Amino acid sequence: MSELSTVNEKGHMVFAGLDVVSLTKEFQTPLFVYNVEKIRKNAQAFVEGFKRLGIKAQVAYASKAFSSVAMLQVAKQEGLSLDVVSQGELYTAIKADFPMDKVHLHGNNKSRDELRMALEHKIGCIVIDNFHDIALLKELLVDADETMDVLIRVTPGIEAHTHDYILTGNEDSKFGFDLKNQAKQAYEEIKQIKGLRLKGLHCHIGSQIFETDGFIMAIKRLYEVLADWYKADGFQASVLNLGGGFGIRYTDEDEPLPLENYVGALVDEVTLEAHKYGLSLPEIWIEPGRAIVGDAAITLYEIGSKKEIPHVRNYVAIDGGMTDNIRPALYQAKYDAVIANKANHPKTYPCSIAGKCCESGDMLIYDTLLPEVEPGDILAVFSTGAYGYSMASHYNRFPKPAVVFVENNKATLVVKRETYVDVTQNDLSYE
Ligand SMILES: *Cc1c(COP(=O)(O)O)cnc(C)c1O
């Protein structure tokens, strides 16, 4: 898994045109390094995919994957829209001067404050997730002339997994309205609220999806409902938001589709279904997170201790771990890694890579092969751009790492490394 990296004459790994060992000297470790050209390329694969097919679309970057001012500025430059799921993510969008009319608010428990902030800033769309959202919006919109575009989030009863999908009649999910009963009731309630303009439906069927079948099934389900509503009172969706979940390559076992292929499949199916029921073609919105940033970044660590247990396992420890990448501990996510300063050396040393947190489950990679490792070696882990930094924690009072963007062979610090002052800044004395 090193298609974005090469090796220079020193035998060092080169990422986005720069020697990563030099990057660790300049910015220390652990360090997130994003190849901004790759981010732009991923974004354009979606944007251009729709353009080429002549389809009106919004590609909304799901900012929970990695939100920072610089990242949102890049998203803005690429003409993306933006998903936020909290006030903090909305605040970041405001700080990045992101066009508010292209911001969409999600969340399964939006607070009154969050909704008020979204209304005040006139964001583009609120995705209604439950009856509590409707009640709060009704209250907040009561004596204003304000209007807000909304989508109804539904669970179409399809659970897409990496390589297959499951049809579940009644989806057991904390998100959205069930399609059988609740969606219609939500539709009726929303119609009664003067300020709400219902644009259509939203669904998000899963993450790290490598096939298009799940999306196609979901579109079929959504259209059964839309056809009913059209028959009942002529409602036509002007937007169909099909969520995110497009898979990326973490290890060589993953074989993602070219991003354009997802776009083609979605457009074909929506066109087919709209035609079948005599409905006009809606705008298609999607919400990729991982597929925009996931494979655009690496994390660099310094190797420290080793523990060799004959016939059992060799542990190699790094200066980070679940505090900067909780995915292996949270859902057995797999990663590939190399020793960046020994990029040419044969991989002869079987080992497992441990974090430095006080938690036995803090393991980054099990059973891999590295060159013979020594303290001070630099470990580079691939495809860490999504849900790494954004899920970082202060467990064990580790300061959060720095984030660097590289473009045109130039490295720019875009998130500062935290200090111990940062880590303790909210602590108050009690003596
Ligand atoms: C998490 C999420 C996304 C992004 O998922 P990815 O797998 O990162 O593409 C998009 N939409 C919604 C509603 C989500 O919850």
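Just so it is clear, the model here is predicted, and its values are computed rather than measured. Read the numbers this way: they start at 1 and go in the same order the structure lists the ligands and their atoms.
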Would you mind listing which atoms of ligand 1 come within a distance below 4.0 Å of any non-hydrogen atom of [X]?
| X | value |
| --- | --- |
| Y387 | 1 (C), 4 (C), 5 (O), 6 (P), 8 (O) |
| E287 | 3 (C), 4 (C), 9 (O), 10 (C), 11 (N), 12 (C), 13 (C) |
| R290 | 6 (P), 7 (O), 8 (O), 9 (O) |

Subject >> Residue of the set Y387, Y61, Y34 for which ring pair (Phe, Tyr, Trp, His ring centres under 6.0 Å) holds with F66 >> reply: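 With F66 as partner, ring pair (Phe, Tyr, Trp, His ring centres under 6.0 Å) holds for just one option, Y34.
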
Original post:
Tell me, which protein residue and heavy-atom name are nearest atom 7 (O) of ligand 1, and how many Å apart are they?
Top reply: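 Of every protein heavy atom, S207 OG, 2.8 Å lies nearest to atom 7 (O) of ligand 1.
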
Original post:
Got the closest protein heavy atom to atom 9 (O) of ligand 1, with its distance?
Top reply: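 I find the closest protein heavy atom is G245 N, 2.8 Å.
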
**OP:** Examine K64 against ligand 1 and note whether any of their N/O atoms are separated by less than 3.5 Å.
**Re:**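 So ligand 1 has an N or O lying under 3.5 Å from an N or O of K64.
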
Subject >> Whether A291 lies under 4.0 Å from ligand 1, heavy atom >> reply: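 Heavy atoms of A291 never come under 4.0 Å of ligand 1.
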
Original post:
Is the closest heavy atom of F175 to ligand 1 under 4.0 Å?
Top reply: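 Per 4.0 Å heavy-atom rule, F175 does not contact ligand 1.
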
**OP:** Taking only Lys NZ, Arg NE, NH1 and NH2, and the carboxylate oxygens of Asp or Glu, determine whether R116 and E120 approach each other closer than 4.0 Å.
**Re:**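 Here R116 does not pair with E120 in a salt bridge, since their nearest N and O are not under 4.0 Å apart.
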
Subject >> NZ/NE/NH1/NH2 to OD/OE distance under 4.0 Å, K38 and D295 >> reply: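 Here K38 pairs with D295 in a salt bridge, since their nearest N and O are under 4.0 Å apart.
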
Please examine the side chains of [Y] and [X], heavy atoms only from C-beta on, and report whether any two atoms are closer than 4.5 Å.
| X | Y | answer |
| --- | --- | --- |
| V20 | V14 | no |
| R52 | E260 | yes |
| K400 | E418 | yes |

